[in-house]
J.: 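Below you will find the structure I want to go over with you.
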Amino acid sequence: MSQSRIVQATGWFKLPLRLSAFKEHGELIAAITSGILILVAWYGENHWSTPLYVSLFVSAFLVGGFAKAKEGLEETLKEKSLNVELLMILAAIGSASIGYWTEGAILIFIFSLSGALETYTMNKSHKEISSLMNMQPEEALLITDVGYEWVPVKKLHIGNRILIKPGERVPADGTIVKGHSTLNESAITGESLPVNKSESKEVFAGTMNLDGSLVVSVTKPSSETLFQKIITMVQNAQSEKSSSQLFIERFESTYVKIVLFGVGLMLFLPHYLFGWSWMETIYRSMILLVVASPCALVASIMPATLSAISKGARQGILFKGGVHLEHLSHLRAVAFDKTGTLTKGEPEVTDFLTDEREMKATVLSVVSSIENESNHPLAQAIVRYAEKSATPLPPVEDVKDHSGKGVCGYFKGEEWKIGKADLVGKEAAASFMNNYGERLASDGKTVIFVSRDKEVIGLFALKDTVRKEAKMAISALKEHGIYTVMLTGDNPTTAKAIAREAGIDNYIAECMPDQKQQEIKNMKQHFTHVGMVGDGINDAPALAEADVGIAMGEGTDVALETADIVLMKNDLPKIEEAIQVSKKMNQVIKQNIIFSISMIMLLIISNFLQVLDLPLGVIGHEGSTILVILNGLRLLK
């Protein structure tokens with residue numbers, strides 16, 4: 001490539017970057033430019049002719065106030081209601097009309113600066129999503145009949161096979177069909193440690209393939225990947241407003257009308273009632289127009305809410321809107337699903353016992369070899385248990401499945417049966433080790449018996465184990481005075497054992513999806529705010545019914561879409577963290593509202609007492625707006 005073409009290409013590359021940077025910081029640049037013009041004009045008041053320095057003030061008005069004036073006019077025309085932006089523009093024009101050019105210009109400058117600061121808050125809250133979107137590859141290496149082809153990710157179809165090389169990001173959700181590697185899934189789960197994955201394991205778009213080539217079968221189109229859903233959920237959360245924010249916005253238009261009506265009265269009444277001069281009356285009216293504007297009040301909520309949502313996203317907690325974040329701190333009761341929420345969602349062997357005459361290693365070896373030919377979750381749990389001790393799998397014959405009861409097979413001519421008491425014989429099962437199996441079952445465990453030629457020689461006890469973090473989460477919620485309930489479709493014996501182990505206050509067993517929803521309705525009659533935590537399709541009605549629905553990140557699509565909050569790392573203690581974020585946000589909003597109203601009242605009273613000049617009114621009013629925005633930004637830490 002020639003030097004001229006390099007220069008040309010580089011120039012065209014830099015130009016969009018400059019335009020992008022100007023667009024991103026345009027309001028701040030305009031505010032600073034306005035400030036510089038004000039300083040120059042202020043100096044020129046005593047050194048230059050009136051037309052010259054006034055033209056500089058007018059330029060400061062136009063540069064600093066254009067964005068806010070445009071925003072105010074567009075909103076007024078669209079909503080057919082008055083707003084704070086128009087009120088401030090009128091205040092600045094009013095100040096200039098009575099000769100206070102400097103004060104009017106400073107008002108515009110500080111107002112535009114606070115607007116730029118609020119835009120910065122908005123941009124800061126979108127930063128996490130922008131970085132996520134940049135992580136999503138736009139192309140994938142498709143495996144075809146004749147070789148490889150780079151194609152746009154949007155054109156991938158379910159069943160397509162793609163090659164992902166070391167150091168590349170995964171372009172689509174899928175299942176590994178060949179290869180093994182280590183993947184960094186922090187963009188999805190928030191977990192910093194990489195995970196090892198091999199054939200049949202799921203991979204997610206946006207994660208990083210670190211050290212091995214993978215052939216992946218696409219399982220979801222690009223618009224439905226978990227990565228895209230995270231982006232969509234947070235974008236929706238940032239656009240959804242809390243009830244407090246909606247009240248302030250409805251209140252704003254009425255308040256502006258009251259202020260304009262009050263200014264109209266003040267233009268005449270003080271002259272006749274208190275003997276003020278016309279100049280003093282008009283001057284005090286302009287100050288009232290400035291200080292009574294609810295800028296700080298309007299800015300009290302949204303920056304704080306956006307900051308809290310952004311903080312949650314960084315911690316793996318996705319809030320779908322400010323209203324849900326606001327309600328979270330008011331929870332008085334939380335209902336939990338069992339399987340996949342409080343528990344790991346897959347059974348584990350907790351006990352393995354054999355007759356004293358039998359070698360445990362031999363029994364485990366034969367049983368795991370037979371169970372290896374079954375896809376039943378309990379069978380696979382026994383196989384996993386055997387794999388931990390590197391148990392060999394001897395050849396077995398004629399393995400058959402007895403639906404709902406267990407499996408049987410032959411080893412060295414002897415018939416082995418693995419299953420429920422019905423399969424091996426109830427009497428034989430009851431007599432084994434003095435009916436020890438019954439005691440294990442009373443602890444909420446599933447008991448699987450092993451027989452050889454009709455003689456019971458061993459048993460396995462399995463249980464869907466409680467997550468360690470579940471106990472921590474329940475304990476933390478209790479410290480906040482929150483009542484906890486477990487809703488499960490399991491039998492009462494298992495439900496009681498799990499609830500006791502997890503530390504749950506109460507449990508309701510054998511719940512169908514509609515019954516879970518009804519239980520949430522019943523709880524809402526006794527508690528002001530009720531939450532529901534679940535992960536399955538059967539939890540969706542209850543998640544929708546609850547005041548705050550919380551879904552596990554690895555839950556079903558229906559649960560994720562129905563819930564108000566998603567725990568991306570499946571980390572239940574994050575619920576307590578989310579409550580803390582909610583409480584902190586509500587506390588900051590309350591501080592902002594009290595401070596802004598107090599400042600407005602103080603400035604109005606000072607104006608009536610004729611002890612407040614316009615410059616101090618401008619600084620007090622706009623300074624309070626900047627302070628409440630900065631207070632909201634504290635939540636980003």
Side-chain angles (χ1 to χ4, degrees), residues 126-143 148-235 237 310 312-318 340 344-346 469 535 551-557 559-561 563 565-571 574:
H126 285 83
K127 187 177 180 181
E128 298 295 326
I129 299 307
S130 298
S131 61
L132 278 178
M133 293 178 74
N134 292 334
M135 289 180 185
Q136 195 164 19
E138 296 181 358
E139 290 187 321
L141 190 56
L142 178 66
I143 300 174
Y148 302 94
E149 179 186 356
W150 284 102
V151 297
V153 172
K154 292 181 180 179
K155 291 188 178 181
L156 289 177
H157 300 288
I158 295 174
N160 282 162
R161 293 193 172 195
I162 55 177
L163 176 66
I164 306 166
K165 299 176 183 179
E168 292 181 348
R169 289 198 178 274
V170 178
D173 284 9
T175 303
I176 299 173
V177 295
K178 183 180 178 182
H180 62 273
S181 181
T182 305
L183 289 96
N184 183 344
E185 297 188 331
S186 59
I188 298 292
T189 64
E191 182 59 54
S192 58
L193 294 176
V195 293
N196 295 316
K197 294 200 172 185
S198 55
E199 290 182 16
S200 78
K201 296 296 184 180
E202 282 187 299
V203 294
F204 304 103
T207 58
M208 176 67 77
N209 181 26
L210 297 179
D211 54 22
S213 293
L214 298 174
V215 176
V216 171
S217 177
V218 177
T219 56
K220 292 180 182 178
S222 61
S223 60
E224 297 179 10
T225 63
L226 178 60
F227 195 80
Q228 185 59 45
K229 285 180 180 179
I230 294 173
I231 293 172
T232 303
M233 280 189 284
V234 180
Q235 285 175 333
S310 295
R314 289 203 305 270
Q315 295 178 343
I317 309 167
L318 300 185
K344 295 179 180 179
E346 57 181 31
E469 61 268 23
D535 72 320
M552 305 292 277
E554 293 179 3
T556 61
D557 290 347
L560 293 174
E561 290 169 7
I565 299 169
V566 178
L567 306 178
M568 290 311 303
K569 294 169 65 176
N570 277 24
D571 194 357
K574 291 289 183 183

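Sequential numbering from 1 along the given sequence is applied to the chain's residues. Note that the coordinates shown come from a computational prediction; the quantities given were computed from them, not determined experimentally.
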J.: So which atom in Ala140 and which in Val153 form the shortest heavy-atom distance, rounded to 0.1 Å?
T.: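 Heavy atoms of Ala140 and Val153 come nearest at N-CG2, 4.2 Å.
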J.: What closest approach, in Å, do Val177 and Ser217 show between heavy atoms, and which atom pair accounts for it?
T.: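 What the structure gives for the nearest pair is CG1-CB, 3.9 Å.
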J.: Quick one: does Lys574's side chain have a donor or acceptor within less than 3.5 Å of a partner on Gln315's backbone?
T.: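 Side chain of Lys574 to backbone of Gln315, a donor-acceptor pair under 3.5 Å: yes, one is there.
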J.: Could you grab the distance from atom CD1 of Ile158 to atom OG1 of Thr219, nearest 0.5 Å is fine?
T.: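 Taking CD1 in Ile158 and OG1 in Thr219, the distance rounds to 7.5 Å.
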J.: Under 3.5 Å, is there a donor-acceptor pair between the side chain of Ser198 and the main chain of His180?
T.: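 No.
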J.: With Asp571, which residues qualify under side-chain hydrogen bond (donor to acceptor under 3.5 Å, both in side chains), at least two apart?
T.: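 Asp571 satisfies side-chain hydrogen bond (donor to acceptor under 3.5 Å, both in side chains) with no residue once adjacent residues are dropped.
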J.: Testing the basics here: between Phe204 and Asp173, what is the closest heavy-atom pair and its distance to 0.1 Å?
T.: CA-OD1, 3.3 Å
J.: When rounded to the nearest 0.5 angstrom, what distance separates OG in Ser223 from NZ in Lys154?
T.: 10.0 Å
J.: Is it true that a side-chain atom of Asp211 and a backbone atom of Thr182 form a donor plus acceptor pair closer than 3.5 Å?
T.: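 Yes, the answer is positive, given that a donor and an acceptor are paired below the 3.5 Å cut-off.
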J.: Pairs of donor and acceptor atoms involving the side chains of residues 160-168, under 3.5 Å and at least two apart or interchain, shall be tabulated with distances.
T.:
from: Asn160; atom 1: OD1; to: His157; atom 2: N; distance (Å): 2.8
from: Glu168; atom 1: OE1; to: Lys165; atom 2: N; distance (Å): 3.0

J.: NZ/Lys197 to OG1/Thr207 distance, rounded to the nearest 0.5 angstrom?
T.: 7.0 Å
J.: Can you see which heavy atom on Arg169 is nearest to which on Gly206, and at what distance?
T.: NH1-O, 2.8 Å
J.: I need the Leu156 CG to Lys220 NZ distance, nearest 0.5 Å.
T.: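 Output value for this atom pair is 15.0 Å.
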J.: Can you tell me if Lys201 uses its side chain to pair, donor with acceptor, with the backbone of Ile176 under 3.5 Å?
T.: no
J.: So, do Val216 and Val170 sit near enough that their side-chain heavy atoms are less than 4.5 Å apart?
T.: no
J.: Measure the shortest side-chain to side-chain distance between Tyr148 and Leu142 over non-hydrogen atoms and say whether it is less than 4.5 angstrom.
T.: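 With C-beta onward as the side chain, the pair stays apart.
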